[in-house]
Amino acid sequence: MARHLITSAIPYINGIKHLGNLVGSQLPADLYARYLRARGNEVMFICATDEHGTPAELAAAKAGKPVADYCAEMHKVQADIARGFRLSFDHFGRSSSPRNRMLTQYFAQTLGEQGLIAEVTEQQVFSIDDNRFLPDRYIEGTCPNCGYTRARGDQCEECTKQLDPTDLINPRSAISGSTRLEVRETKHLYLRQRSLKADLEAWIDSKTDWPVLTTSIAKKWLNDGEGLQDRGITRDLAWGVPAQFEGAPWSGMEGKVFYVWFDAPIEYIAATAEWADANGLDDAAWHRWWRTDKGADDVTYTEFMGKDNVPFHTLSFPATIIGANRAGGAQWKLVDYIKSFNYLNYDGGQFSTSLGRGVFMDQALSILPADYWRWWLLSHAPENSDSEFTWENFQTAVNKDLADVLGNFVSRITKFCRSKFGEALPEGGETGPQEAALIAELSTRIRAYEDHMQAMEIRKAAAELRAIWVSGNEYLQAAAPWSTFKTDPAQAAVQTRLALNMIRVYAVLSEPFIPDAAAAMLAGMNTSDRRWPTDVGAALTALPVGHAFTTPEVLFRKIADEEREDWQARFAGVRS
RNA sequence: GGCUAGGUAGCUCAGCUGGUUAGAGCACGUGACUCAUAAUCACGGGGUCGGGGGUUCGAGUCCCCCCCUCGCCA
């Protein structure tokens, strides 16, 4: 039994995520966690909300609430939705937790003591009326290049030219609109990534099994232009982990906090500590997942994320870990494998949180159960390239795969048994060549399915699972128990018994993709036997002669054309 | 402009280090069956593998040039 630490990129607190966000990190991470658990591994599956930073402050202000209250509310909202999608986190933490504050300050202090943090004085735009420094993108003005009047301080969205806030003509605060801006001097802490470059490069180079999408992005940042740059890890903000604290190896950082991209990945660790706290466990309970000097040596750590998060997970966060480990004290675990995803597009364009375009997680759950979304999203996961969601494709794929192939299989055999033999596994008959062939095929396919799941080849795993479902229908079609029943009821009985046992096997195999349906199938078969079908022949006799079951309700109702048209229209515009 | 990935049947996609008549699912057509959510199963039609050169006995699969899409970076 191996130990697996799995983290999903942590969603930002500001608002509800769309399906593209879901399929890029949380959902595939959940699939993998569920699979590994089903195979008997010890799993720690961690996620959290990323709560610090300017967007959270502004959203809270807009909602007229203190930022801490706003984050607490939104965390609950996101946690509820995650439960709705059956995301099986062992803990869903918060980056604003005391644990994360302590760990973030601990890492910063340790890095500082190693000489890996530099104090840098720089010029930044300060808004007098807002009484705050403004991040580049919160300064608006006229683009000096194209004359667009709403260009942002980091880039003009009209002509795409990269800008410096001081380039803007008639600059103003994007928060208040105030033009009373001035350039002020401010001091910040920088993580000296350049001095860690050799270590990072050697580490990346050792990861020969990583997807090209992951390593190419990392190498690009390592070697492009001037190479890896030192990175500012503090900001002039009130909401975050204070950069000045007792024991800090620097002074004069009052009123400043760590940058979200410094403290957010540390939350993976902190959330595991939060998990221990929530379960009344001691520090050793989470140390054994994260500290290689405290028993985490045999842990395999896998991260899931969209491609936009790759630089932070291949460079910034590892720099924090490698630098802290140099101190020679606590030794922290580096990631072993990064599974990254491309983007899911929506009906010819992009999903967009800021524009409110696409289907958002709460809306999705309001129109269909989680399994529908889980199945479609996972079986179309954007692994090799961007993929596309369309309502037509969603409707036909879900109706065909879930309702016709799987749901109807369960329906036809349970109802057949009920009408001919009653609601218990019938007695009699001997298996023959047809059954042997079925077992052989299932064995081959299940081994392939396991290989794909282990390798996190999600689309291929989904295709194989579907083929496993199909083989049940093929068997029934060939065996035709409704036909043998007329001439040889014992023969029909053994066929029916085998097919009913397939329902349990399908439930166990399918659980990572469609947990609710799997539970319904097991409940219908009146069993809690979730043993993995390592030996298919044995697995197909797990439910013995005479075992009672109840014919389940329709597992998946079909999506009607009118519904699809309705949703298509309803979600065509932007979310208000 | 630099870089990544991609451009394969109407649609969504597989095709590893080059090798028999290029595959799957959906959609479409024909047939079978009637247990089942008008479900299922079988068979079939359909592609000059973005374009053009080249290497090779042989290339979606390698090399060069060009076109297009998406994203990242500057």
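Reminder, nothing fancy here: chain letters follow the sequence lines and each chain counts from 1.
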- Query: Between B:U40 atom P and A:Met502 atom CE, what is the distance in whole Å?
  - Reply: 16 Å
- Item | Parallel, tilted or perpendicular: rings of A:Phe394 and A:Phe389 (30°, 60°) | tilted
- Note on the structure: Rounded to whole Å, the CD1-P distance (A:Ile458 to B:U12) equals 21 Å
- Any side-chain donor paired with an acceptor under 3.5 Å for A:Gln568 and A:Glu392? yes
- Query: What is the distance, rounded to the nearest whole Å, between atom CH2 of A:Trp375 and atom C1' of B:U12?
  - Reply: 14 Å
- Item | Within residues 406-418 of chain A: residues closer than 4.0 Å to RNA chain B (heavy atoms) | A:Gly407, A:Asn408, A:Ser411, A:Arg412, A:Lys415, A:Phe416
- Message: Taking only the P atom of each, what is the distance from B:C72 to B:A39 in whole angstrom?
- Response: 42 Å
- Query: What integer number of Å spans the C1' atoms of B:C43 and B:C33?
  - Reply: 15 Å
- Check the pair A:Asp516 / A:Arg86 against salt bridge (charged side-chain N to carboxylate O under 4.0 Å, His left out), numbers first and verdict last. CA-CA 8 Å; A:Asp516 287 349; A:Arg86 306 294 182 254; 2.8 Å; yes
- B:A42 and B:A59: how far apart are their C1' atoms, nearest whole angstrom? 35 Å
- Message: According to side chain to side chain contact (heavy atoms under 4.5 Å, CB included), who are the partners of A:Ala29, at least two apart in sequence or on a separate chain?
- Response: A:Ile6, A:Ser8, A:Phe45, A:Phe304
- Task: Considering non-hydrogen atoms only, spot the tightest contact between A:Ser471 and A:Glu441 and give its length.
- Result: CB-OE2, 3.6 Å
- Counting any heavy atom closer than 4.0 Å, what does A:Lys460 reach on the DNA or RNA strands: base, sugar-phosphate only, or nothing? sugar-phosphate
- Query: When you check the gap from the basic side-chain N to the acidic O, do A:Asp451 and A:Lys460 get nearer than 4.0 Å?
  - Reply: no
- Between A:Ser471 and A:Ala403, which is nearer to the 5' end of RNA chain B once each is assigned its nearest nucleotide? A:Ala403
- Charged N to carboxylate O below 4.0 Å: is that the case for A:Glu303 and A:Lys339? no
- Ring centroid separation A:Tyr506 to A:Phe409 under 6.0 Å: yes
- Query: Looking only at atom P, what distance separates B:G60 and B:G51, rounded to whole Å?
  - Reply: 11 Å
- Message: Taking syn as a glycosidic torsion within 90° of 0 and anything else as anti, which one is B:G53?
- Response: anti
- Query: Once you round it to whole Å, what is the distance between P of B:C41 and CG of A:Leu476?
  - Reply: 10 Å
- Item | Qualifying residues under side chain to side chain contact (heavy atoms under 4.5 Å, CB included), relative to A:Arg447, sequence neighbours excluded | A:Glu450
- Using a 3.5 Å cut-off on both pairing distances, which stems of three or more Watson-Crick or G-U pairs include RNA chain B? B:1-3 with B:71-73, B:5-7 with B:67-69, B:10-13 with B:23-26, B:28-32 with B:40-44, B:50-54 with B:62-66
- Strictly under 6.0 Å, is that where the ring centroids of A:Phe571 and A:Trp391 end up? yes
- Going 5' to 3' through nucleotides 24-34 of chain B and flagging B where a protein heavy-atom sits under 4.0 Å of the base, S where only the sugar-phosphate is that close, and - otherwise, we get -SS------SS
- Query: Is the centre of the A:His313 ring less than 6.0 Å from the centre of the A:Tyr268 ring?
  - Reply: yes
- Taking CG from A:Leu315 and P from B:C73, how many angstroms apart are they, rounded to a whole number? 13 Å
- Query: Looking only at atom P, what distance separates B:G18 and B:U8, rounded to whole Å?
  - Reply: 23 Å
- Taking the P atom of each, how far is B:A36 from B:U48, in whole Å? 44 Å
- Query: Taking the side chain of A:Lys558 as its heavy atoms from C-beta onward, which of B:U37, B:U40, B:C41 lies nearest to it?
  - Reply: B:U37
- Which whole-number value in Å describes the distance from A:Asp404 CG to B:C35 C1'? 15 Å
- Message: Using atom P in both nucleotides, what's the gap between B:U55 and B:C16 to the nearest angstrom?
- Response: 24 Å
- With sequence neighbours excluded, what pairs up with A:Arg235 under the salt bridge (Lys or Arg N to Asp or Glu O under 4.0 Å) test? none
- Message: Reading RNA chain B from 5' onward, which residue's closest nucleotide shows up sooner: A:Glu474 or A:Ser419?
- Response: A:Ser419
- Kindly say whether the aromatic ring centers of A:Phe485 and A:Phe421 come within a distance under 6.0 Å. yes
- Task: Please state the C1' separation for the pair B:C67 and B:U56 - nearest whole angstrom.
- Result: 27 Å
